[in-house]
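A short write-up of the structure that comes next.
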Amino acid sequence: MTSLTRRNALGLFACAALAASARAAAPLPGDSVYQLHPRLVDQDGRPFDWGSTRGEPVLASMFYTSCEMVCPLIFESIRRTVDAFDKPVRDRVRVVMVSFDPERDTVAVLKETAARHHCDGRWSLVRGSAADARRIAALLGIQYRRLPSGEFNHSSVISLLDAEGRIARRTSTVGDVDPALVAAAKSV
Amino acid sequence: MRRARTGALAAALATACAIAPGADYAPLPGGEFTSALPQGATPGTTAVARVAPFQLRTTPVTRAEFRAFLALHPAWRRGQAPAVFADAAYLADGPAADDRPDVADARPVTEVSWFAAQAFCESEGARLPTWLEWEFAAAADETRADARSDPAWRQRILSWYAQPATATPQDVGGPPDLHGVRDLHGLVWEWVDDFNALFVAGDSRNQGDPDTLRFCGAGAISMADRDNYAVLMRVALLSSLSAPDTLRTLGFRCARPATGEPR
Amino acid sequence: MELQSLRGALQRTRAFLGLAAIAFVAAPALAANAPAGTGDFGPPRGEPIHAVLTSPPLVPPPIHRNYPAHVIVELEVVEKTMQISEGVNYTFWTFGGTVPGSFIRVRQGDTVEFHLKNDPANKMAHNIDLHGVTGPGGGAASSFTAPGHESKFTFKALNEGIYVYHCATAPVGMHIANGMYGLILVEPPQGMPKVDHEYYVMQGDFYTGGKYREKGDQPFDMEKAIDERPTYVLFNGAEGALTGDKALKAKVGETVRLFVGNGGPNLVSSFHVIGAIFDEVRFEGGTNVQKNVQTTLIPAGGAAIAKFRTHVPGSYVMVDHSIFRAFNKGALAILKVEGQPDKSIYSGKELDSVYLGDRSRPNLEAVTKATESARQGTLTLQDQVKAGEALFTGTCSVCHQANGAGIPGVFPPLAKSDYLAADLPRTIGIPLRGLTGKVTVNGTQYDSVMPPMSQLNDDEVANILTFVLNSWGNPGGQVSADDVKKSRAQGAASTAAAAH
């Protein structure tokens, strides 16, 4: 609280709360991924409300920490994509990464992964049950399969969700920034 | 007043009890199994997988059973389930929650999405079988646990694929196989838990040429046993689907761990 | 200092000239009509066009357009049961409801927006690989479609030619064997020379559980397909698809262009039209043309364009010249050419009965009816005349002609024949024992050989004779199977039988 007076701060808070509750009151569209209510926990061990990012644009994907090849690239792609956004979008965008290996991706592992990839406050690395992971993958159109060795076969898809949780754009481009994704974020 | 209350109670009991009967599970021993989908560490190679013992519903879930589920779970009725969980054709041909409960309908329920199937299985303390569990169960015939090398087994399955889809399928309750499970072939396609992980790309001909970046560990795309086209067809169909999709020829059955009990 | 600037100026000028030269060379490439072979004529122009698709054997009309366009193609997959042969049902998987699938026609350089729809009543997922597409899987990777869904992908038709398309969903061989193939024509930018008729013919091999012509519902047989032992080899998906009243048609003196494909899945075709020579064949559907070709090889998953001009009327039989396929598996189609004969080119008889035997008869119902009536004892004169007419065609008409006129100096007429009318028992004996040597009919002498028609049974002879007696000014009358039987029993009489 630097230049904000207490009254201003309270006013702002009230506005934000009103806006949030207004949005919460408005029904979710039928094709919103927030229709799902998985029980998730983030890298700090706090319960993560899947629908809490409603109102902001979201970049969502899935990963597992033991992945050597592609998953680091997914993190990198998302980071570069966020950097490529216009400032208004960059300020609002959130990133949600869901693990499909909750057995090995404990909260501690998630925390360590977040640190390794220099994830800032807009990133949430989350884990839930195996069933929830499967459901989220079904929503985001991500394929994954556990091999007996413990490795996973999986596709790499980054989804851009609009403020209502609808998939506005998906990309399989990994390693590079997808200009179509950046363009789509402008109108989200 | 009292009579009405008793009547309501009876009705509630009737619908509640409607779930439990008919939920007939058969135990399957599990064991070592060579899947048609490569399970090996090296791309494209098979490795023998271990299937833990499990229980499988003896028939696909019927329309009568699904109707009872809809009565207790209105969120899953046609028109209630959001588009992200079920497409526009979901239950287009019924059953509906308000059908008369005494009308027994033993046909397998179809036009259900993966999400709806999951919800049903969870409602009876079960889940969808994994592909491996389904394939393991489906390899059996009346006398053998693994009949897949028998051309007659393949031909029987193939001839169902060759017939065009009829309007709605026949009743469940075909002859049981070695494990006591019925109707795994010849009735409807069935959802599995990891239907979207079967990794037959839209064009499955370039088997040895994986797009490594698109699929982590992508070498495992190829089908290990190309001769087993009976399995190939099933994998192809499931791979073409998304979770909210429904088909007139696609139903499901549930599975649960070996020691599970119905609620 | 001056040298520097001079050198600099020279360099700049050289650079400028270089650029100009490049621009000069590049300009034609960028212009509308790029040199043949590049196929990329730039972005599409004008309003989007909905492609006209046709069912075989018809072909969409030629394209009259001199610019690349955005063309929208919508193709639906339908799984349906149809007859593969008389009384034999097979479940086909089809593009557009037919085997082969709809014919697609675009122009080189077009941007094609392809929609693949999978009927919700279908059981299987399908996709499409068009051999005219440059891109992964020929489109197959981008068109994998579940029942009740539609996929869309876009490609530019870079190469002109005639290309096969087919489903490529696992197991691919089965999808193809069930009929999922067709042709897409990418016209060269200047169009194709005008012809009078264009037709679409596509060969395929089929594998059923039962034997050839075994009646009833027949399933696909994967073992036979893997062993490459087809039950049927057919043009356009069914026996008789292009024969009888469904034969292709042309007139004398017209040019015919055949787009001939081979969907396989296994066999290579030795495509030949009996009695015709291909003036030009774009073999393998490529750009080069071979001339004066009798038989052309069409690979499985390939196509060719054959062009020829008709000169003489008749029925021209298209076959796979691996000839057992034509006569024992059904690889047979007909082009019927009508018009004035030209004896200087060909003097002779009709071709069809020689090659086809019983296949040329489109309608054996009358014969069946007559046989049934005879068995029940209700046979009428009309039944016999109708049955006799059906049998006459293809057996007697070969020599005596369909109108009974015969061939002057060679074969005596049956029309208003005094010879036939004079002695009925003698007449009955003729089909049985043949007739050789000098006879005088209607005042003209003939000295020819008619072999005994030993393939005909008593009913058939009776019906044919009844028909003849009641046609073309003959006196009428009725011959019964009993009459024929008696004549047969009297044995070889004065007429000696000669080998045919």
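Atom set for the values below is all heavy atoms of this structure, side chains included, hydrogens, waters and symmetry mates excluded. Sequence lines set the chain letters: A, B, ... in the order given, protein chains first and strands last, and positions in each chain run from 1.
Residues of residues 93-117 of chain A lying under 4.5 angstrom from chain B, judged on non-hydrogen atoms, do not exist. When the heavy atoms of residues 128-139 of chain A are compared with those of chain B, the residues falling under 4.5 Å are A:Arg134, A:Arg135, A:Ala137, A:Ala138, A:Leu139, listed by number.
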message: Is there a side chain to side chain contact (heavy atoms under 4.5 Å, CB included) between A:Leu36 and B:Phe85? Walk through the geometry before answering.
response: CA-CA 9 Å; A:Leu36 190 69; B:Phe85 291 151; 3.9 Å; yes
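In this structure, A:Arg39 has no salt bridge (charged side-chain N to carboxylate O under 4.0 Å, His left out) partners at least two apart in sequence or on a different chain. Residues that satisfy the salt bridge (charged side-chain N to carboxylate O under 4.0 Å, His left out) test with A:Asp86, not counting sequence neighbours, are absent from this structure.
Side-chain atoms of B:Asp194 never come within 3.5 Å of backbone atoms of A:Arg145 as a donor-acceptor pair (strictly under, hydrogens ignored).
Contact of A:Ser32 with chain B is made through the backbone alone, with heavy-atom distances under 4.5 Å. For a residue to count as touching a neighbouring chain, one of its non-hydrogen atoms must lie under 4.5 Å from one of that chain's; by this rule A:Ile167 does not touch chain B.
Atom CG of B:Asn196 is separated from atom CG of A:Leu140 by 11.0 Å, given to the nearest 0.5 angstrom.
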